[in-house]
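So the structure is just underneath, and the comments pick up after that.
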Amino acid sequence: MSEPKENVLMEKIVSLCKRRGFVYQSSEIYGGIQGFWDYGPLGAELKRNVKELWWSTMTRLRDDVVGLEATIIMAPQIWRASGHVDTFCDPMCDCLLTKKRFRADQVEPQSGNVFWFIGAMETEAFEECRNLIQENPNQFTCSVEKVVSLLEAGRLVELSGDLAASMQSRDSESPFSVPKLLLKLGPHYFKEYAVMLPPGKPPESARKTALQYYSKLGIKAPKLLGERVEKVENSTRFNPENGSLLTPPVPFNLMFKTYVGPTATEEDVAYLRPETAQAIFAQFKNVLETSRQKVPFGIAQVGKAFRNEVTPRNFTFRSREFEQMELEFFIKPDEAVEVISGAVATPKGAGHPGEPQPSWGWQIWHQYWVEERIKFYEGIGLPRTTLEEYWQKPEELAHYARACVDILFKFPFGTQELEGIAARSDFDLSQHARFSGKTMGVFDEDLRTAWGKLDDAKKKDVSERYYQARLRYLTKSGVEQAKAEKQAKEDAEGLAKGQYIPHVIEPSAGVDRLILALVANAFSEVTTTDDKGKSETRVVMKFHPRVAPIKVGVFPLLKNKPELIAKAKEVFESLRGHMMAFYDDAGAIGRRYARQDEAGTPFCVTIDFDTLGEKPELLNTVTIRHRDDGKQERLPIAELQGWLLARIR
RNA sequence: GCGGGCGUAGCUCAAUGGUAGAGUUCCAGUCUUCCAAACUGGCCACGUGGGUUCGAUUCCCAUCGCCCGCUCCA
């Protein structure tokens with residue numbers, strides 16, 4: 001996955017990005033800041049194109065999706081309701097021996113004998129100290145045995161403090177002076193460590209583990225000091241795999257915290273959103289009431305999100321400040337669909353299920369969105385062969401998710417997630433209903449009408465299933481049984497009156513990841529050899545014309561002819577209002593083409609002497625040069641704009 | 001957060017305990033003709049902070065950043 005060749009490719013991509021102004025490191029002049037990236041001129045255009053394509057595909061070209069633009073900082077209760085405050089602040093601890101990281105609340109409690117060590121020192125230094133003491137009994141007022149036992153127990157405070165009083169010599173140059181003795185002890189002699197042994201295991205294995213630990217600290221041949229044994233019940237302070245002591249739990253704060261208002265007390269704490277989705281849920285009722293939409297419909301949002309990633313890696317792939325393009329598509333619960341349509345339509349095999357139908361249940365809606373999203377990626381130049389679909393296994397799903405498909409891209413550093421399309425049931429709206437006390441249910445005329453036509457057996461059956469589904473959610477969320485049953489009963493009665501909490505399908509994509517995928521996919525190298533046999537490698541960024549930062553380069557063939565320049569500028573001015581165009585007259589024409597190849601500009605227009613009428617039949621025509629094969633064709637200036645627009649939209 | 005590697009011009013790479021050099025890019029100019037042409041001229045660098053030293057880009061320490069592995073990935 002990370003073979004040298006692929007790392008080299010990634011390095012080339014990073015270097016190109018910086019060199020041509022796609023991506024810079026944030027705050028670079030101050031040494032940079034990990035996990036933050038800026039987009040340069042070309043990157044900004046590329047990103048804007050991608051976001052605008054997403055937006056128009058998802059909202060403007062659809063009848064059933066509307067937009068939202070919410071704030072980054074919201075009421076902190078939102079993040080309690082969403083579960084982020086809890087899950088983003090897991091206390092973590094590390095194994096002192098293997099450095100493996102654990103979530104403190106997920107360590108298995110264990111019982112057994114704990115072997116504590118006060119420290120360790122080099123065996124050689126220990127022996128030397130002991131021999132020195134034993135061979136000079138007359139240097140101490142107390143017994144030599146006592147001094148040695150203090151040494152073995154690692155009770156160095158006493159060795160260096162109390163013991164000093166019992167030494168005969170007060171001469172600091174004497175080999176028995178405190179400083180001289182301490183010097184002999186060597187490094188790392190008082191780092192406390194412990195190993196938990198399950199009952200029945202020999203103490204030797206605890207010592208062996210401890211020796212490993214101290215030798216990792218840099219003691220070559222450790223002599224363990226101050227061993228003592230303690231019986232411990234149900235402790236989570238030890239690594240279940242090897243018994244090693246863990247570091248004390250440290251809270252991991254994965255959300256960015258800030259304070260709202262002039263005072264900075266706990267009361268004022270707020271968070272920068274870690275995802276854009278929650279605002280959509282929080283504003284669901286407002287949008288429903290003001291957009292004249294009815295379920296099924298969606299709300300789309302593009303915006304920044306912030307996560308304190310443990311390890312920002314792989315260029316912009318995992319950034320701490322990033323941008324998301326999220327859709328929450330609200331659908332009727334399957335029970336409601338069943339009542340209205342008589343039966344719930346489920347997927348018939350793989351592939352796009354076609355135009356949405358009233359009978360669709362959540363599974364087919366989910367598949368629909370997976371296929372829609374892949375279609376989008378294909379439309380901006382990521383062939384299906386570069387993508388992978390990953391259906392999360394039941395045990396990988398978050399507890400509220402019914403299904404989740406990751407759309408992965410084959411990055412040079414590995415196949416990684418571009419977008420997740422989750423079927424999230426009615427979890428999110430239910431959470432916000434519970435936490436805010438506001439209703440998140442919708443009224444569905446069709447449902448009420450259809451319900452009236454059901455026979456009693458069917459009513460009872462559907463009602464019972466909806467009741468069970470609601471009860472499952474409520475009890476899982478920690479609502480006490482009696483209350484949960486009462487609420488679920490109300491919900492089931494609501495269904496009979498045409499009310500329900502919508503379920504949701506969530507296609508959630510990372511803009512920056514997509515940009516990186518587009519850049520990696522577009523990157524290609526062309527090696528040419530000239531007449532003198534000198535070969536050189538040039539980079540061509542093969543962006544799809546729809547996303548390319550610059551759509552067209554406009555050049556006068558030569559710089560020193562004012563007529564050419566005037567005509568070229570005229571052509572440039574006629575295009576720039578319609579697309580991102582770039583005028584360049586610096587250097588030889590081949591150099592200008594090469595520069596545009598690196599920027600990924602799909603078309604270059606050159607104004608030459610024929611344009612000015614040197615060959616009368618070519619008057620007011622220009623050459624258009626194609627980026628990917630270098631081929632040229634000749635076109636009247638009057639047709640240029642239409643020709644280009646047809647290819648960049 | 002841990003372990004390993006790296007840090008000289010926009011890029012690729014030199015040299016040096018005593019004024020840092022080349023190619024390329026970039027900028028300006030010459031040239032009537034299409035794929036980084038040639039020629040002329042020009043701009044630009046020792047990641048940061050300490051220490052050792054008369055003097056540090058060079059030696060030492062710390063720090064920051066990047067890359068790789070581990071860890072994390074709601």
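To find a chain, count down the sequence lines: A is the first, B the second, and so on, and within it residues start at 1. It should be emphasised that the depicted structure is a prediction, and the values quoted were computed from it without experimental measurement. As a basis for the values below, the full set of heavy atoms in this structure was taken, side chains included, without hydrogen atoms, waters or symmetry mates.
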Is it the case that the base of [N] and the side chain of [X] share a donor-acceptor contact (distance under 3.5 Å, atom types as modelled)?
{"X": "A:D608", "N": "B:rC34", "result": "yes"}
{"X": "A:R307", "N": "B:rC73", "result": "no"}
{"X": "A:E598", "N": "B:rA36", "result": "yes"}

If pairing requires Watson-Crick or G-U wobble contacts with both distances under 3.5 Å, which nucleotide is the partner of [N]?
{"N": "B:rG21", "value": "B:rC13"}
{"N": "B:rC26", "value": "B:rG42"}
{"N": "B:rG3", "value": "B:rC68"}

Protein-nucleotide distance ([X], atom [atom1]; [N], atom [atom2]), rounded to Å:
{"X": "A:D584", "N": "B:rA36", "atom1": "CG", "atom2": "P", "value": "15 Å"}
{"X": "A:I13", "N": "B:rC67", "atom1": "CD1", "atom2": "P", "value": "13 Å"}
{"X": "A:M255", "N": "B:rC72", "atom1": "CE", "atom2": "P", "value": "21 Å"}
{"X": "A:R20", "N": "B:rA36", "atom1": "CZ", "atom2": "C1'", "value": "11 Å"}
{"X": "A:F413", "N": "B:rG69", "atom1": "CZ", "atom2": "P", "value": "11 Å"}
{"X": "A:I33", "N": "B:rU48", "atom1": "CD1", "atom2": "P", "value": "19 Å"}
{"X": "A:R595", "N": "B:rA36", "atom1": "CZ", "atom2": "P", "value": "12 Å"}
{"X": "A:L16", "N": "B:rU25", "atom1": "CG", "atom2": "C1'", "value": "13 Å"}

Students often get this wrong, so: under 4.0 angstrom with heavy atoms, is [X] touching a base, only sugar-phosphate, or nothing?
{"X": "A:L558", "answer": "sugar-phosphate"}
{"X": "A:F315", "answer": "sugar-phosphate"}
{"X": "A:R592", "answer": "nothing"}
{"X": "A:E417", "answer": "nothing"}
{"X": "A:K615", "answer": "nothing"}
{"X": "A:Q416", "answer": "nothing"}

Original post:
Considering the options A:R513, A:R373, A:Q324, which one meets the side chain to side chain donor-acceptor pair (under 3.5 Å) requirement together with A:E419?
Top reply: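 Looking at A:R513, A:R373, A:Q324, the match for A:E419 under the side chain to side chain donor-acceptor pair (under 3.5 Å) is A:R373.
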**OP:** Sticking with atom P, work out how far B:rU71 lies from B:rG23, rounded to a whole angstrom.
**Re:**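 Their P atoms lie roughly 48 Å apart.
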Would you say [X] places a side-chain N or O within less than 4.0 Å of OP1 or OP2 belonging to [N]?
{"X": "A:Q25", "N": "B:rG65", "answer": "no"}
{"X": "A:K12", "N": "B:rC11", "answer": "no"}
{"X": "A:R591", "N": "B:rA37", "answer": "yes"}
{"X": "A:N560", "N": "B:rG29", "answer": "no"}
{"X": "A:R19", "N": "B:rC26", "answer": "no"}

**OP:** Could you point out which residue of A:L575, A:V605, A:T611, A:T621 forms a side-chain contact (heavy atoms from CB on, under 4.5 Å) with A:I637?
**Re:**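 The passing option is A:T611.
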Subject >> Criterion side-chain contact (heavy atoms from CB on, under 4.5 Å) against A:R424, the qualifying member of A:R402, A:E506, A:H503 >> reply: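 Of the listed residues A:R402, A:E506, A:H503, the side-chain contact (heavy atoms from CB on, under 4.5 Å) partner of A:R424 is A:E506.
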Subject >> A:E388 side chain vs A:I407 backbone, donor-acceptor pair below 3.5 Å >> reply: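 A pair under 3.5 Å: no.
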**OP:** Give a yes or no answer on whether the side chain of A:Q301 reaches the backbone of A:T276 with a donor-acceptor pair at less than 3.5 Å.
**Re:**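 A pair under 3.5 Å: yes.
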Original post:
Can the ring centroids of A:W37 and A:F322 be said to lie less than 6.0 angstrom from one another?
Top reply: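 Not close enough - the centres of the two rings lie 6.0 Å or further apart.
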